[in-house]
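Since the structure comes first, as structure tokens, the remarks are kept for the end.
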Amino acid sequence: MRKLFALIAVLSMLTIGASKLIAQEEEAAAPAEQTEQITTSSITDEEDIESTSMHAAIKQKFIEGGAGFMAAVVLCLIFGLAIAIERVIYLNLSDTNTKKFIAGFEDALNNGGIEVAKDYCRNTRGPIASIFYQGLERYDQGIDMVEKSVVSYGSVQMGLMEKGLTWIGLFIALAPMLGFLGTVIGMIEAFDQIQAAGDMSPALVAGGIKVALITTVGGLIVAMILQVFYNYCVAKVEGIVNNMEDASVSMLDILVKYEQKNK
């Protein structure tokens, strides 16, 4: 019995010690978790503060630059981006796999004739398919008429692809001009303030010059953004036009072979 009581006492002591140790570990872990939560929340708060401060800074600079001229610069950006995005989507939809299309066109022509080739062109998107269809429409008038039709309708398709690029170029030129105009007017106002004060205070001059230059910065930023889209569209048009020219030559060769085959 004594041995049993001693064993129970030892087990009780071990249980109490283990419970105390677990409690101490939980107490030690709790502050660490609280510290981690505080650190995470503080980082999130700092990011929110930075985002808020950035928006506030942009808003402040917009107001300092003059609502009239800055609004005009922003409108140039909005309209220019709208046209540029529409052109990018249109040109990417117009760009097709030329080699695959020509191979399909040749198979349709050899296996089904002119009408099947027309249906193939009609069901394929892009300017190359439209040019091929217009050429096939005048196949009964001879290869020379097909060539003239392809050249003429190629110019039409090129005009459709370049549609709107002149407006983007206008906004590229107009945005920095509005910025420079705002700068000049701001400088004039600064000198008017100097004349009215009768004293050339550095703070007065610096404030006027800073406000005047904000419009120039805004105009230049807008022009640079639109210039990237403009150059992309121009490069895309040039690539599609080159594919159109190569495809037109291939089409005439295919039609000549088809005509000789069916004589």
Side-chain angles (χ1 to χ4, degrees), residues 76-77 79-175 222-262:
C76 288
L77 176 63
F79 289 128
L81 281 179
I83 298 172
I85 293 172
E86 185 272 333
R87 285 291 90 191
V88 169
I89 295 173
Y90 178 84
L91 292 174
N92 279 281
L93 291 175
S94 300
D95 194 7
T96 56
N97 191 335
T98 306
K99 292 182 179 180
K100 182 179 179 181
F101 171 75
I102 292 175
F105 172 79
E106 188 172 6
D107 291 338
L109 182 65
N110 293 329
N111 297 326
I114 298 296
E115 294 300 324
V116 175
K118 284 183 182 180
D119 291 336
Y120 177 76
C121 296
R122 192 184 297 112
N123 296 326
T124 305
R125 61 178 173 83
I128 296 176
S130 300
I131 291 172
F132 277 39
Y133 180 81
Q134 294 297 324
L136 292 176
E137 281 287 301
R138 292 159 181 80
Y139 175 75
D140 56 348
Q141 300 177 18
I143 297 297
D144 292 337
M145 287 301 299
V146 172
E147 184 177 1
K148 292 179 181 179
S149 176
V150 167
V151 172
S152 300
Y153 202 71
S155 301
V156 173
Q157 290 294 323
M158 185 175 176
L160 291 175
M161 289 187 292
E162 291 179 345
K163 181 182 178 182
L165 294 183
T166 54
W167 287 104
I168 300 176
L170 172 64
F171 292 128
I172 291 173
L174 190 60
V222 170
M224 286 188 290
I225 294 172
L226 295 180
Q227 188 69 51
V228 173
F229 283 94
Y230 179 82
N231 286 357
Y232 174 82
C233 292
V234 169
K236 198 73 176 177
V237 170
E238 290 178 354
I240 296 175
V241 169
N242 289 332
N243 291 334
M244 287 166 51
E245 293 175 352
D246 293 338
S248 299
V249 174
S250 300
M251 176 194 179
L252 294 175
D253 293 338
I254 293 171
L255 290 178
V256 169
K257 292 178 183 178
Y258 177 78
E259 187 178 19
Q260 293 175 352
K261 178 182 176 181
N262 291 276

Spatial distance of atom [atom1] ([X]) from atom [atom2] ([Y]) [nearest 0.5 Å]:
X: Arg138; Y: Leu136; atom1: CZ; atom2: CG; value: 10.5 Å
X: Cys233; Y: Leu165; atom1: SG; atom2: CG; value: 5.5 Å
X: Thr96; Y: Ile128; atom1: OG1; atom2: CD1; value: 4.5 Å
X: Lys257; Y: Ile254; atom1: NZ; atom2: CD1; value: 7.5 Å

Practice problem: Quick one: list whatever passes ring-ring contact (aromatic ring centres under 6.0 Å, His included) with Phe101, sequence neighbours left out. | Solution: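 ring-ring contact (aromatic ring centres under 6.0 Å, His included) list for Phe101, sorted by chain: Tyr120, Phe132.
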Quiz item: What residues form a salt bridge (charged side-chain N to carboxylate O under 4.0 Å, His left out) with Glu137, not counting sequence neighbours?
Solution: Lys118
Quiz prompt | salt bridge (charged side-chain N to carboxylate O under 4.0 Å, His left out) partners for Arg122, two or more places apart | solution = Asp119
Quiz item: How would you list, by chain and number, every residue that makes a side chain to side chain donor-acceptor pair (under 3.5 Å) with Asp95, sequence neighbours excluded?
Solution: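 With neighbours one apart ignored, the set is Lys236.
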Exercise. Would you please name every residue forming a side chain to side chain donor-acceptor pair (under 3.5 Å) with Asn231, sequence neighbours left out?
Key: Gln227
Are [X] and [Y] side-chain neighbours, meaning at least one heavy-atom pair lies under 4.5 Å?
X: Tyr258; Y: Tyr139; answer: yes
X: Glu259; Y: Leu255; answer: no
X: Ile131; Y: Val156; answer: no
X: Tyr232; Y: Leu91; answer: no

Quiz prompt | CA sep, side-chain torsions, deciding dist, call: Arg87, Lys163, side-chain contact (heavy atoms from CB on, under 4.5 Å) | solution = CA-CA 8 Å; Arg87 285 291 90 191; Lys163 181 182 178 182; 4.0 Å; yes
Exercise. Would you name the heavy atoms of Gly164 and Ile83 that are closest together and state the gap between them?
Key: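 What the structure gives for the nearest pair is O-CG2, 3.5 Å.
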Exercise. Compare every heavy atom of Phe229 with every heavy atom of Ala84, then report the nearest pair and how far apart it is.
Key: CB-CB, 3.6 Å
Which donor-acceptor pairs under 3.5 Å do the side chains of residues 105-117 make with protein atoms, sequence neighbours left out?
{"unit_1": "Asn110", "atom_1": "ND2", "unit_2": "Glu106", "atom_2": "O", "d": "3.1"}
{"unit_1": "Asn111", "atom_1": "ND2", "unit_2": "Asp107", "atom_2": "O", "d": "3.0"}

Pairs under 3.5 angstrom only: tabulate donor-acceptor contacts from the side chains of residues 143-153 to other protein residues two or more places apart or in another chain.
{"unit_1": "Ser149", "atom_1": "OG", "unit_2": "Gln134", "atom_2": "O", "d": "3.3"}
{"unit_1": "Ser152", "atom_1": "OG", "unit_2": "Lys148", "atom_2": "O", "d": "3.0"}
{"unit_1": "Tyr153", "atom_1": "OH", "unit_2": "Gln157", "atom_2": "NE2", "d": "3.4"}

Restricting to side-chain contact (heavy atoms from CB on, under 4.5 Å), what partner residues turn up for [X], sequence neighbours left out?
X: Leu174; result: Cys76, Leu178
X: Asn97; result: Lys99, Lys100
X: Leu170; result: Trp167

Show me the side-chain donor-acceptor pairs of residues 237-247 shorter than 3.5 Å, one per line, residues at least two apart or across chains.
{"unit_1": "Asn242", "atom_1": "ND2", "unit_2": "Glu238", "atom_2": "O", "d": "3.2"}
{"unit_1": "Asn243", "atom_1": "ND2", "unit_2": "Gly239", "atom_2": "O", "d": "3.3"}

